[in-house]
Amino acid sequence: MMRLDRALANSGYGSRSEIRKLIRLGRVTVAGQVIRDAAFPISGADVETVRIDGQEKPLHDHLTVMLNKPAGFITAMEDARLPTVADLLPPGWVRTGLVPVGRLDRDTTGLLLLTSDGTLNHRLASPRWGVWKAYRFRYDGPEWTAEDIAAFADGLTLADGQRLKPARLTPLSGHEADLSLHEGKFHQVKRMVQACGREVVRLHRHAFGPLTLDDDLAPGTARLLRQDEIKALRAAVQMDEPAEGIR
Ligand code: URA
């Protein structure tokens, strides 16, 4: 059981005080009944029956978001100087406590997940679970050779001596290549490419575990994940047990 005002705020529909006001004004219904008590208890049976001004507002325990990150934004929820990925999201979502899963550099574009589910975030980012991430990059320097591909597959050693896990390098035309990794060290792609005598000039992430960036999600826009996508993500980090909370 959870209070109605908290359930709506956790689901990204506004701050607690905004929601309480809507409830007081009689604009919120549960299973067709106007509810004027912010503490009205919501159970799993109610998650699809809440409406604000007649519009369905499905409830979520946590929000998990797919963002198509443009260049020029840092992966943080606030910063005194620089634009952050939080600037690209509706304030109601940010208030639920979304945290980016890992990090993309300021100049890197593409798929960034954010979630208010701390356990899911921790596991998706942790080397222990080894979730695959797929990048496409453009580079300066010589074309890749079969030896380079084998070196990535064996596990490269970076300039500072760090030994990396196996990665899949797939050269493409036009000085581009795909790279899949299942770890996420600081500047990892750029440093791997550098360790092989080339330079990344553009970097884009198009997949994270079971999820692929939507073709029609414009840069700078975000959407909530569907239940089937959340299920696939959870399964990738062995969180298959039923979600806790109101569901
Ligand atoms: N590797 C990098 O070097 N930068 C990123 O943003 C992501 C992976």
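Remember, it's 1-based here, ligands and their atoms both numbered in the order they're listed.
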Between W144 and F152, what is the ring plane arrangement, given parallel below 30°, perpendicular above 60°, and tilted in between?
perpendicular
Side chain, backbone, both or neither: L203 near ligand 1, heavy atoms under 4.0 Å:
side chain
Students should be able to answer this: which protein heavy-atom is nearest to atom 8 (C) of ligand 1, and at what distance?
Y135 OH, 3.5 Å
Cationic N near anionic O, under 4.0 Å, R106 to D79:
no
Before signing off on this row, confirm whether H187 and ligand 1 have an N or O atom pair separated by under 3.5 Å.
yes
Mind listing the closest non-hydrogen atom pair of T157 and A195 along with its distance?
O-CB, 4.1 Å
Inter-residue atom distance Q188.CD - Y135.OH, 0.5 Å rounding:
7.5 Å
Report the nearest protein non-hydrogen atom to atom 4 (N) of ligand 1: residue, atom name, distance rounded to 0.1 Å.
D105 OD2, 2.7 Å
K190 N/O to ligand 1 N/O under 3.5 Å:
yes
For T108, take its heavy atoms, then give the atoms of ligand 1 lying under 4.0 Å from any of them.
4 (N), 5 (C), 6 (O)
Does a donor on one side chain and an acceptor on the other come within less than 3.5 Å for D160 and Q162?
yes
Might you point out which heavy atoms bring T109 and L104 nearest each other, and give the distance in Å?
O-CD1, 4.1 Å
Could you pull out, from L112, L181, V189, the option with a heavy atom nearest to atom 1 (N) of ligand 1?
V189
